[in-house]
2 protein chains.
Amino acid sequence: MVKGSIGNTAAMTTTLTQSGGGKDRPARSTMKDVARLAGVSVKTVSRVVNGEPGASAAVRERILQAAERLDYRHNLGASTLRRKDSRSGIVGALLQDVGNSFSAGLLRALEDALREGGLSVLAASLDEEPDRERDIVSDLVARRADGLVLMPASERHEYLLSEHRAGLPLVFVDRRPHGLDCDSVTIDNRMGAKLATAHLIAGGHRRIAMLSDLHQIETAKERIAGYRAALEEAQIGFDPLLLVHGVRSEEEATRVVADFLDSTDPPTALVAGRNIITVGAVRALRSAGMVRKVALVGFDDFPLADLIEPGLTVIRQDVRRIGAEVGRILLGRLAGDNGPPQHLVLKPSLIRRGSGEILPPNLDPVGR
Amino acid sequence: MVKGSIGNTAAMTTTLTQSGGGKDRPARSTMKDVARLAGVSVKTVSRVVNGEPGASAAVRERILQAAERLDYRHNLGASTLRRKDSRSGIVGALLQDVGNSFSAGLLRALEDALREGGLSVLAASLDEEPDRERDIVSDLVARRADGLVLMPASERHEYLLSEHRAGLPLVFVDRRPHGLDCDSVTIDNRMGAKLATAHLIAGGHRRIAMLSDLHQIETAKERIAGYRAALEEAQIGFDPLLLVHGVRSEEEATRVVADFLDSTDPPTALVAGRNIITVGAVRALRSAGMVRKVALVGFDDFPLADLIEPGLTVIRQDVRRIGAEVGRILLGRLAGDNGPPQHLVLKPSLIRRGSGEILPPNLDPVGR
DNA sequence: TGCCTTTACGTCAACGTTGACGTACTAACA
DNA sequence: TGTTAGTACGTCAACGTTGACGTAAAGGCA
């Protein structure tokens with residue numbers, strides 16, 4: 001077992017954070033060294049380093065020169081340990097995958113917002129793995145992170161109750177907390193998927209398929225609910241064969257759509273539950289030469305969606321705004337806001353670029 | 001002036017890391033509290049928390065129950081301060097923009113590599129701002145980051161000499177260090193741009209324009225050098241009007257290309273120096289109905305480049321490999337590798353998707 | 001049965017910094 | 001000129017944890 005593992009499950013990992021590796025690295029100078037060289041007390045050095053009053057100009061100059069001579073660098077960890085009610089200056093951002101466009105855009109917006117408050121972002125990808133989420137949360141708590149932004153991979157969040165009670169600001173993003181009442185910024189997924197489906201229905205489509213993410217992912221459930229609600233409102237019977245769960249990669253999406261196209265009564269329109277499904281669907285349609293014959297509405301926007309032929313009609317979440325709102329809420333908590341938890345639900349918008357406006361074959365005047 | 005500002009220029013920023021904000025948050029329990037409740041010494045609690053031998057089963061159980069009862073959480077900062085030659089477990093990744101696909105992909109690959117070593121990544125976007133780079137480096141040094149991955153915004157790096165001497169592992173990525181000899185992982189930009197240009201020349205093009213980033217950005221210089229070298233090898237005169245510096249946005253790229261298309265002797269092929277220039281160029285070509293008349297090779301790949309009509313021919317950097325190599329080098333340094341600095345130069349590859357294979361008008365058999 | 005070794009505790013001080021408090025000297029005011 | 005207040009220092013202990021060292025008791029071996 002590794003050090004600090006109780007109350008910090010992340011420490012169970014064999015790490016380089018233990019002492020080790022070749023020759024010891026040279027020790028950095030401390031205020032003691034600076035004090036000795038400048039001929040003053042450590043407290044006086046601290047005053048100068050911190051820009052506090054109580055040091056004469058001459059003494060200050062001597063200390064600055066000594067600090068420069070010794071390459072002295074302030075130790076935030078020691079300072080934070082001693083100061084009463086001090087903060088670490090770190091916020092943890094636990095996102096789905098910092099490499100994908102949604103998480104990357106969110107991280108960027110969050111970083112911008114938090115930089116205003118002098119906070120740094122410790123970024124992590126959860127890859128929908130609940131155990132990794134818990135490990136990283138544990139590590140961040142051990143580091144006394146000032147707050148956490150969490151796009152949870154887990155479905156229940158009681159394990160965070162003690163951290164929340166201990167005063168750790170938590171803001172959920174894209175998914176809501178369960179078993180815990182704290183701040184969240186999400187999208188109205190149901191409304192978004194309903195909008196996508198209604199848009200296709202308004203265009204004349206009646207056989208509309210939906211390809212969705214893992215069933216247990218909350219946003220996936222909500223999007224499916226919206227899809228079904230739109231069908232119901234239009235009095236179009238729900239065909240379970242047109243709803244595909246658990247599509248987790250472009251390749252899988254491509255396969256599913258290709259299978260649809262090969263079927264005897266294929267859908268004339270598709271709703272893709274997330275970006276990689278959209279991309280996979282587009283590939284399948286292109287391969288089959290059907291990009292202008294089958295309508296497609298994707299969930300979430302991404303760069304270049306307008307340059308694809310036809311342009312991709314999407315339900316767009318404003319990632320910049322989501323990140324900015326999360327940052328604002330978190331900074332508010334850190335500044336002392338003790339109000340009831342906020343649940344901001346942003347509305348996505350329909351962006352028409354062509355792929356969602358393709359008419360079904362029976363309505364298409366030129367039958368192309 | 002703010003605390004710890006000497007030797008830590010980042011601290012000049014007004015921050016929330018100072019004490020403050022409303023009601024004090026509840027103090028967390030410490031080992032002292034656990035020891036009191038369990039009826040043992042602090043040292044014995046430390047033994048159990050750290051999984052060290054020297055605690056009986058009965059005592060261990062009492063301590064674990066007390067820790068759970070008190071919601072005790074290990075304090076990594078205090079532990080790190082006390083342990084000799086301990087590490088913070090943090091690596092700073094200073095990238096161009098964590099929201100763009102190149103930086104995002106790199107961050108992800110880096111995160112994956114460093115997670116193997118139990119390290120967390122503190123991510124920051126520099127936006128090509130040298131002052132921000134220095135501030136963030138300063139902050140990370142104050143936090144005693146174990147290492148830094150730096151895609152520098154600055155041109156000179158003497159300011160890092162003292163950190164390097166102090167034993168802080170530094171790995172430059174995408175750009176090399178100047179005035180400092182440390183590890184780096186870069187791409188052979190010159191070779192890549194030369195490859196792009198030679199490819200167009202081999203396709204019959206003679207009037208090839210290049211749109212490039214800010215002149216002082218090192219990768220931009222190298223790409224320009226490669227472009228010029230290919231022209232020279234083909235004995236094609238260099239036309240300064242065909243080389244455009246300082247293209248910083250899609251909109252700007254769109255404008256430049258539109259201007260080219262309006263000129264009396266427009267280029268028949270384009271080399272785009274980076275992704276956003278590529279995207280801007282594609283928009284301009286589409287608007288002018290010229291996507292199949294002007295050849296285009298972009299620098300660096302991105303998602304969906306194959307779905308654009310025509311598919312984008314690009315010089316592709318293997319972002320995953322870059323990130324993995326950076327991580328490997330950094331972990332090696334942390335594990336004690338004291339060898340001479342490594343300068344890994346990866347070769348980009350030409351990905352043909354159509355846009356770079358468009359022939360010039362005089363060679364195009366159907367003249368479209 | 002006696003002696004030696006090992007184990008399970010605990011004490012003390014240290015890490016690098018800062019808050020609280022004290023002292024001496026200087027400056028300002030009456 | 002004397003008194004009071006303010007400034008420029010310094011001392012001491014604290015933050016939460018861990019390394020070094022010590023002690024007592026128990027177990028094993030001769």
Side-chain angles (χ1 to χ4, degrees), chain A residues 2-8 11 17-19 27-36 38-63 67 70 72-88 141-144, chain B residues 2-8 11 17-19 27-36 38-63 67 70 72-88 141-144:
Chain A
V2 147
K3 72 186 183 191
S5 63
I6 306 303
N8 177 18
T17 53
Q18 295 166 91
S19 299
R28 302 201 66 123
S29 298
T30 71
M31 284 183 179
K32 280 170 182 159
D33 305 302
V34 177
R36 196 175 301 126
V40 295
S41 72
V42 168
K43 181 57 194 170
T44 302
V45 174
S46 176
R47 287 193 175 102
V48 171
V49 163
N50 286 295
E52 287 166 17
S56 69
V59 161
R60 181 187 157 73
E61 192 53 39
R62 283 211 318 277
I63 289 170
L70 293 166
Y72 167 76
R73 296 290 183 269
H74 192 256
N75 187 324
L76 258 180
S79 175
T80 302
L81 182 62
R82 182 59 188 79
R83 286 182 188 260
K84 188 174 169 50
D85 210 35
S86 186
R87 295 193 183 279
S88 65
V141 168
R143 290 178 186 287
R144 301 294 185 267
Chain B
V2 148
K3 73 186 182 190
S5 62
I6 305 302
N8 178 17
T17 54
Q18 294 166 91
S19 300
R28 301 203 67 125
S29 299
T30 70
M31 285 183 176
K32 281 171 179 158
D33 305 302
V34 176
R36 198 174 300 127
V40 294
S41 73
V42 167
K43 182 58 194 171
T44 302
V45 174
S46 175
R47 287 192 175 103
V48 170
V49 162
N50 285 295
E52 289 165 17
S56 69
V59 161
R60 183 188 155 76
E61 191 54 39
R62 284 214 316 281
I63 289 170
L70 293 167
Y72 166 76
R73 295 289 183 268
H74 191 257
N75 187 323
L76 257 182
S79 174
T80 301
L81 183 61
R82 181 57 186 85
R83 286 181 189 261
K84 186 174 169 50
D85 208 37
S86 187
R87 295 193 182 282
S88 66
V141 168
R143 291 179 187 286
R144 299 296 183 267

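All chains are named by letter (A, B, ...) in the order of the sequence lines, taking the proteins before the strands, and each is independently numbered beginning at 1.
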Nucleotide [N], atom [atom2] - distance to [atom1] of [X] in whole Å:
X: B:His74; N: D:dT17; atom1: NE2; atom2: C1'; answer: 7 Å
X: A:Glu52; N: D:dG10; atom1: CD; atom2: P; answer: 14 Å
X: B:Asn50; N: D:dG19; atom1: CG; atom2: C1'; answer: 11 Å
X: B:Met31; N: D:dG16; atom1: CE; atom2: P; answer: 12 Å
X: B:Lys43; N: D:dT17; atom1: NZ; atom2: P; answer: 12 Å
X: B:Lys84; N: C:dA13; atom1: NZ; atom2: P; answer: 20 Å
X: A:Arg60; N: D:dT7; atom1: CZ; atom2: P; answer: 17 Å
X: B:Asp33; N: D:dT17; atom1: CG; atom2: C1'; answer: 13 Å

Whichever of A:Gly54 and A:Val42 has its nearest DNA chain D nucleotide further upstream toward 5': A:Gly54

Check: C:dT17 base within 3.5 Å donor-acceptor of A:Arg82 side chain: no

Donor-acceptor pair present, B:Arg47 side chain and C:dG10 base, under 3.5 Å: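 When only heavy-atom distances are counted, B:Arg47 does reach the base of C:dG10 through a donor-acceptor pair under 3.5 Å.
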
Measure from the side-chain N and O atoms of [X] to the backbone N and O of [Y], and report whether any donor-acceptor pair falls under 3.5 Å.
X: B:Arg62; Y: B:Ala38; answer: yes
X: A:Arg60; Y: A:Gly51; answer: no
X: B:Arg143; Y: A:Ser88; answer: yes

Categorize A:Val40 for me: base, sugar-phosphate, or nothing, with a 4.0 angstrom heavy-atom threshold over every strand shown. sugar-phosphate

Out of [options], which has the shortest distance to the side chain of [X]?
X: B:Thr30; options: C:dG16, D:dG16, C:dT18; result: D:dG16
X: A:Leu81; options: C:dC9, D:dT18, C:dG16; result: C:dG16
X: A:Arg144; options: D:dT17, D:dG19, D:dT11; result: D:dT17
X: B:Ala78; options: D:dT17, C:dT17, C:dG10; result: D:dT17

Examine [N]: is either OP1 or OP2 under 4.0 Å from a nitrogen or oxygen in the side chain of [X]? Give yes or no.
X: B:Ser56; N: C:dC9; value: yes
X: B:Asn75; N: D:dC15; value: no
X: B:Lys32; N: D:dC15; value: yes
X: B:Ser41; N: C:dC9; value: no
X: A:Ser46; N: C:dT18; value: yes
X: A:Thr44; N: D:dC9; value: no
X: A:Arg83; N: C:dT17; value: no

Between A:Arg83 and A:Thr80, is there a side-chain heavy-atom distance shorter than 4.5 Å?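 When only atoms from C-beta onward are counted, A:Arg83 and A:Thr80 do not touch, as no gap falls below 4.5 Å.
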
Considering all heavy atoms, the nearest B:Asp33-B:Arg28 contact: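 Closest heavy-atom pair between B:Asp33 and B:Arg28: OD2-O, 4.4 Å.
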
Verdict with supporting geometry, A:His74 and A:Met31, side-chain contact (heavy atoms from CB on, under 4.5 Å): CA-CA 8 Å; A:His74 192 256; A:Met31 284 183 179; 4.1 Å; yes

